[in-house]
Amino acid sequence: MSVRVTERFAGAATGLVGLAFCILARQLPQQAGFGLGPAFLPFWTGVLLLLCGVWLMIRPGERSEAQAVPGAGLRRAAAGFLILLLYALALEPLGYLLSTLGFLFGCHLFLYKVSYVRALQVAFTGGVVLFLIFRVWLRLPLPGGFLGW
């Protein structure tokens with residue numbers, strides 16, 4: 001089976017799982033006493049999975065960076081695991097905001113071929129947006145670290 005057919009099959013399976021998440025999440029309560037109910041996270045996870053599945057099915061059949069260089073996929077996976085491990089270890093001492101900024105910066109710098117400026121832009125924008133979503137909008141308690149926020 002070719003890589004393209006495998007990607008389309010994976011996209012269809014991912015899209016179906018996302019659709020099932022969306023349908024099943026609609027059966028859960030939308031609101032709770034404090035705001036968002038238990039349907040919020042599964043529904044939006046399903047939407048994201050559905051979009052990712054559609055993207056896998058319709059994207060052009062180009063070779064990825066990981067396929068072009070032998071062994072690059074394993075190196076990138078190991079680097080991603082290491083960055084994720086460092087993120088988990090840094091979460092308490094540095095706090096959510098600083099550790100997320102570092103995680104996003106490390107992911108873009110080491111896993112993709114981007115400049116330092118681009119990696120900083122994505123890390124800062126993504127980190128601040130995620131912080132605002134979780135701390136301000138959802139009002140979740142996040143690790144404050146040595147800064148306290």
Side-chain angles (χ1 to χ4, degrees), residues 1-32 35-92 94-143:
M1 196 174 334
S2 73
V3 173
R4 185 71 183 130
V5 172
T6 305
E7 285 180 353
R8 284 191 175 158
F9 180 73
T14 303
L16 288 174
V17 169
L19 185 62
F21 269 46
C22 291
I23 291 169
L24 294 173
R26 299 310 267 167
Q27 298 173 0
L28 298 171
Q30 298 296 317
Q31 296 289 326
L36 299 172
F40 178 80
L41 187 61
F43 177 77
W44 288 107
T45 302
V47 169
L48 289 175
L49 282 172
L50 184 60
L51 291 173
C52 289
V54 169
W55 171 248
L56 281 173
M57 289 189 297
I58 65 171
R59 73 182 183 147
E62 300 171 0
R63 288 176 52 128
S64 69
E65 260 181 50
Q67 293 172 338
V69 180
L74 184 59
R75 285 193 299 269
R76 286 178 64 175
F81 178 76
L82 181 64
I83 293 168
L84 188 59
L85 179 67
L86 292 174
Y87 175 65
L89 293 174
L91 204 53
E92 284 297 323
L94 294 181
Y96 180 80
L97 183 60
L98 291 178
S99 58
T100 302
L101 292 174
F103 172 74
L104 292 174
F105 179 74
C107 283
H108 280 83
L109 193 62
F110 296 116
L111 299 180
Y112 302 101
K113 293 182 179 179
V114 296
S115 67
Y116 285 104
V117 173
R118 180 70 170 170
L120 280 173
Q121 288 172 340
V122 170
F124 184 76
T125 304
V128 170
V129 167
L130 287 171
F131 181 79
L132 291 174
I133 287 172
F134 290 119
R135 176 62 71 89
V136 177
W137 184 39
L138 297 175
R139 292 186 222 122
L140 293 174
L142 299 173

Between R26 and C22, what is the shortest heavy-atom contact and its length?
CG-O, 3.1 Å
Can you give me the closest heavy-atom contact between A79 and L111, atom names plus distance?
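Of all heavy-atom pairs spanning A79 and L111, the closest is CB-CD2, 3.8 Å.
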Partner set under ring pair (Phe, Tyr, Trp, His ring centres under 6.0 Å) for F105, not counting sequence neighbours
none
Name all residues meeting the ring pair (Phe, Tyr, Trp, His ring centres under 6.0 Å) criterion together with F43; count only those two or more places apart in sequence or in a different chain, and write none if there are none.
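Expected list: none.
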Could you grab the distance from atom [atom1] of [X] to atom [atom2] of [Y], nearest 0.5 Å is fine?
{"X": "L132", "Y": "L97", "atom1": "CG", "atom2": "CG", "result": "9.0 Å"}
{"X": "L101", "Y": "T125", "atom1": "CG", "atom2": "OG1", "result": "10.0 Å"}
{"X": "R135", "Y": "Y96", "atom1": "CZ", "atom2": "OH", "result": "10.5 Å"}
{"X": "L56", "Y": "R8", "atom1": "CG", "atom2": "CZ", "result": "11.0 Å"}
{"X": "L24", "Y": "L19", "atom1": "CG", "atom2": "CG", "result": "9.5 Å"}
{"X": "F103", "Y": "L84", "atom1": "CZ", "atom2": "CG", "result": "5.5 Å"}

What residue pairs, at least two apart or across chains, pass side-chain hydrogen bond (donor to acceptor under 3.5 Å, both in side chains) with a residue in residues 97-109?
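Residue pairs with at least one partner in residues 97-109: Y87-T100.
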If you draw the axis of the six-membered ring of F110, does the NZ or CZ of R76 fall within 45° of it and under 6.0 Å from the ring centre?
no
Please determine which of V54, L49, L50 meets the side chain to side chain contact (heavy atoms under 4.5 Å, CB included) test together with T14.
L49
